[in-house]
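First comes the structure, then the notes that go with it.
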There are 2 protein chains.
Amino acid sequence: MKIETDPKADLSAQIAKSIRDAIVNGDMIVDERLPSEAELSDQFDVSRSTVREALKRLAAQSLIRTQRGASGGAFVRRLSYEEAYGQHITTSTLLLSMNAVSFETACEARYALERACAPMACDRRTPDQLATMRAEIHRQSQPGLSDESFCASDVALHRALVDAAHNPVLSYQLAGAVEAMQPLMNMITFTARSREEIVGIHSRLTDAIEAQDAAKADHALHALEAYTLTLGRDVMAARAQKSGS
Amino acid sequence: MKIETDPKADLSAQIAKSIRDAIVNGDMIVDERLPSEAELSDQFDVSRSTVREALKRLAAQSLIRTQRGASGGAFVRRLSYEEAYGQHITTSTLLLSMNAVSFETACEARYALERACAPMACDRRTPDQLATMRAEIHRQSQPGLSDESFCASDVALHRALVDAAHNPVLSYQLAGAVEAMQPLMNMITFTARSREEIVGIHSRLTDAIEAQDAAKADHALHALEAYTLTLGRDVMAARAQKSGS
DNA sequence: TGCAAGGTAATTGTCCGACAATTAAAACAA
DNA sequence: TTGTTTTAATTGTCGGACAATTACCTTGCA
């Protein structure tokens, strides 16, 4: 295990990097045990505290898990889809909120990705996923629903669409794009009229998926993108006017 | 700043979580300074070592940066696209390598995503990006090129295609899918014949992007997916036969 | 006054030693 | 054999110490 001497980096960062490289390169396999903290501090010739800080960095990236007691230690962790989802969503959300991504850009990306998996969803959708989509549509029709709940239901529906493609890699990649949009979407106040419109398009979309009509699904997603964009622009315009007055 | 008492988690993990929540929820803005390690250890009533381990976890996720000296400390970090790319690619690569994702699944996801951005690339491609694609095609035609270099060039070409869509959110999401495929692709030995075939499709694809012909680009990507899949299946079959004999 | 040199204090980085908590395995007793 | 106790290894937490770095203040000088 080599240690690249980048003189400006912290020791714990250097050690974390060398261990991370070993894991990513496949030098260590899943569930393999790392040397104990004492052994690592000997190998790298640093104190145990420094080794611990390095290990905490790796734990934060879900690369290792630790276990106390005899025959405990740090083990290479199998990265599950669920954890990867979580990290991806957190990162995507922060990226959008910290970098002032325009509503248009995020919207365009989201619907482009969804259109990419619509044909596969048409092929492979299960009754289960159709039922989920119908249930969310029903929820969205409830009059007392808050804007936040409406958005959450929207995300759930689109998530079902993505999962219907039955491609875990695709689901993983798209989860970030769709869920990271939610804070942006939450800024929109949905009138009764706009909800009705959206529910209508959602129904057409679900019908298309059920009928396995990819062209129709694509059309519905285009309509949804256009309408969402209109709503978003209205909100932005209203906000700009307000702050300008 | 609240601390949820999850009794089974480490103290440093709990503290990291509470600070992370504060950042993600927007309670702390970019470049805002966190309390010093001494103050945090007072607030959370733990030792400084424990606070430091928590801060290292956050640093590993690029949520904070630290600075030494007077008026130094830990500051909320603006997550840049570049860092997010890096994290995303690392995570995606690990996810694929650790979970035995089939070549078919990864391939399908990759080309579905690329087809999603092809229409936008047709609209917005710049001469620069076309030149990059042409240059990579030229590289791929060199006879002495190693399989690894051929794959790297392949990734570079597709990366140019994605960037041509001029949507940073899309680029970010797709970078993981495309680059994480490279280790899988590297397993394939490309014969002179198959390279010729791939270069031909790449040329058709680039022509379509230049001519802004979305349908033709879509067709080329479908052809590329089908051919890549064939190559991958051959490799897997050969490998299976070898291990079986 | 203005400026430069040097000192000071605050803060993170690293090290050390100690003890608590946990857990698997070994040793032991019935 | 089976159940219990002891033991050893390992991570988790604490406290203190010092080094390294850096912004800020003080002091002396022109």
Side-chain angles (χ1 to χ4, degrees), chain A residues 1 3-20 22-23 28 30-77, chain B residues 1 3-20 22-23 28 30-77:
Chain A
M1 211 174 286
I3 175 165
E4 324 248 325
T5 52
D6 181 356
K8 57 184 170 294
D10 296 347
L11 284 178
S12 68
Q14 294 177 37
I15 292 170
K17 180 180 188 317
S18 70
I19 299 178
R20 176 164 42 241
I23 295 176
M28 307 200 66
V30 168
D31 287 334
E32 186 174 344
R33 183 180 178 279
L34 275 71
S36 72
E37 296 176 354
E39 286 169 325
L40 285 173
S41 64
D42 274 354
Q43 286 183 23
F44 288 109
D45 199 36
V46 296
S47 73
R48 194 181 149 217
S49 322
T50 304
V51 168
R52 280 184 63 77
E53 288 178 8
L55 292 180
K56 293 314 161 205
R57 289 176 189 264
L58 300 178
Q61 297 179 302
S62 303
L63 289 176
I64 61 170
R65 65 189 157 77
T66 55
Q67 201 176 338
R68 287 225 274 208
S71 77
F75 298 84
V76 177
R77 185 172 182 175
Chain B
M1 211 175 285
I3 176 165
E4 323 250 323
T5 53
D6 181 356
K8 57 185 170 295
D10 296 346
L11 284 179
S12 68
Q14 294 176 37
I15 292 169
K17 181 181 187 316
S18 69
I19 299 178
R20 177 164 41 241
I23 295 176
M28 306 200 66
V30 168
D31 287 335
E32 186 175 344
R33 182 178 179 279
L34 275 71
S36 72
E37 295 176 354
E39 286 169 326
L40 286 172
S41 64
D42 274 355
Q43 286 182 24
F44 288 109
D45 199 34
V46 296
S47 72
R48 195 182 147 215
S49 322
T50 304
V51 167
R52 279 184 65 77
E53 288 177 8
L55 292 181
K56 294 313 162 206
R57 289 177 191 263
L58 300 178
Q61 297 178 304
S62 303
L63 288 177
I64 61 171
R65 63 188 158 76
T66 54
Q67 201 176 338
R68 288 224 275 209
S71 77
F75 299 83
V76 177
R77 185 171 182 176

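Proteins get letters first, then strands, A, B, ... in listed order; numbering begins at 1 in each.
- Nucleic acid contact for A/Arg65: none, since no nucleic acid atom lies under 4.0 Å from a heavy atom of the residue.
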Would you give me the side-chain donor-acceptor pairs under 3.5 Å for residues 62-74 of chain A, sequence neighbours excluded?
{"unit_1": "A/Ser62", "atom_1": "OG", "unit_2": "A/Gln87", "atom_2": "NE2", "d": "2.9"}
{"unit_1": "A/Arg65", "atom_1": "NH2", "unit_2": "A/Asp31", "atom_2": "OD1", "d": "2.8"}

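- Distance check, rounded to the nearest 0.5 Å: CD of B/Gln61 to CD1 of B/Ile23 gives 9.5 Å.
- Residues forming a salt bridge (charged side-chain N to carboxylate O under 4.0 Å, His left out) with A/Arg52 (at least two apart in sequence, or on another chain): A/Glu37, B/Glu53.
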**OP:** Summarise protein proximity over nucleotides 17-27 of chain D in one line of letters, 5' to 3': B for base, S for sugar-phosphate only, - for none, counting protein heavy atoms closer than 4.0 Å.
**Re:** B--SBBB----
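- Non-hydrogen atoms lying under 4.0 Å from DNA chain D are contributed by B/Ser49, B/Thr50, all within residues 49-60 of chain B.
- Summarising the geometry, atom CZ belonging to B/Arg57 is positioned 10.0 Å from atom CG belonging to A/Leu55; distances are rounded to the nearest 0.5 Å.
- Between A/Gln14 and A/Val46 the shortest side-chain heavy-atom distance does not fall below 4.5 Å.
- Per the geometry, CG belonging to B/Leu40 stands 11 Å off P belonging to C/dT11, to the nearest Å.
- Proximity of B/Ile15 to B/Leu40: side-chain heavy atoms (C-beta onward) are nowhere separated by under 4.5 Å.
- Atom CG of B/Asp10 and atom P of C/dT22 are 11 Å apart (whole Å).
- A/Ser36 meets the side-chain contact (heavy atoms from CB on, under 4.5 Å) test with A/Arg33, A/Ala38, A/Glu39; sequence neighbours excluded.
- Scanning all heavy atoms of the two residues, the minimum distance from B/Ser12 to B/Ala54 falls at O-CB, 3.3 Å.
- Of the candidate nucleotides C/dC15, D/dT10, C/dG13, C/dG13 has the atom nearest to the side chain of B/Thr66.
- B/Leu11 places its CG atom 4 Å from the P atom of D/dT13, with the value rounded to the nearest Å.
- As a whole-Å value, the separation of B/Glu37 CD from D/dC14 C1' is 15 Å.
- Distance, B/Glu39 CD to C/dT11 P: 6 Å, rounded to whole Å.
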